[in-house]
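Treat the numbers as computed from the prediction; the structure is a model and nothing was measured.
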Amino acid sequence: MSSIQVRCGSGFSKLNTRLRSIEERLEELKQEKEALDDLSTELELTDDDDSVLYKIGESFLHLPQPRAMKRLEKDQAVLSAQVLDLSAGAEQCEKEMKELKVTLYARFGRAINLDE
């Protein structure tokens, strides 16, 4: 096996590992987004003069409802940006993996299985 073949196989394996990691993180962020969406619905039902507990980092703080809503909107925007970045990273990994698959299958034919 030549060093090019090893690099292609190794590169595919690294991309596959990175893609799985990205997909796991995306799933976590989607669950966080659902929780923030639920929180948004709950906050909309509270009175403007109510104080609510809002988690920031590892602490919970009492915030006025309007301030909590603004903070929630900011957190949702940050989360959405993270999802977009990770989705773009996943697409890039898939593209590179597809290109490597062509090279590896051309070289090894049926002697190699790159599908899950």
- Query: Can you find a heavy atom in the side chain of Q65 that is under 4.5 Å from one in the side chain of D49?
  - Reply: no
- Does K55 offer a backbone N or O that forms a donor-acceptor pair with the side chain of S59 under 3.5 Å? no
- Query: Checking T17 side chain against S13 main chain: does a donor-acceptor pair fall under 3.5 Å?
  - Reply: yes
- Taking only residues two or more places apart in sequence or in another chain, which ones pass side chain to side chain donor-acceptor pair (under 3.5 Å) with R25? E28
Rounded distance (nearest 0.5 Å) linking atom [atom1] of [X] with atom [atom2] of [Y]:
{"X": "D48", "Y": "R67", "atom1": "CG", "atom2": "CZ", "result": "15.0 Å"}
{"X": "E91", "Y": "E94", "atom1": "CD", "atom2": "CD", "result": "7.0 Å"}
{"X": "R18", "Y": "Q92", "atom1": "CZ", "atom2": "CD", "result": "9.0 Å"}
{"X": "K14", "Y": "C93", "atom1": "NZ", "atom2": "SG", "result": "12.5 Å"}
{"X": "L19", "Y": "M97", "atom1": "CG", "atom2": "CE", "result": "5.5 Å"}
{"X": "E96", "Y": "L15", "atom1": "CD", "atom2": "CG", "result": "5.0 Å"}

- Note on the structure: Apart from V83 itself, its cluster of hydrophobic side chains linked below 4.5 Å comprises I22, L26, L29, L36, L39, L43, V52, Y54, I56, L61, L63, M69, L72, L79, L86
- Note on the structure: Members sharing V78's hydrophobic cluster, built from side-chain contacts under 4.5 Å between Ile, Leu, Val, Met, Phe, Trp and Tyr, are none
- State, to 0.1 Å, how close L100 and G11 come at their nearest heavy-atom pair, and which atoms those are. CD1-C, 3.8 Å
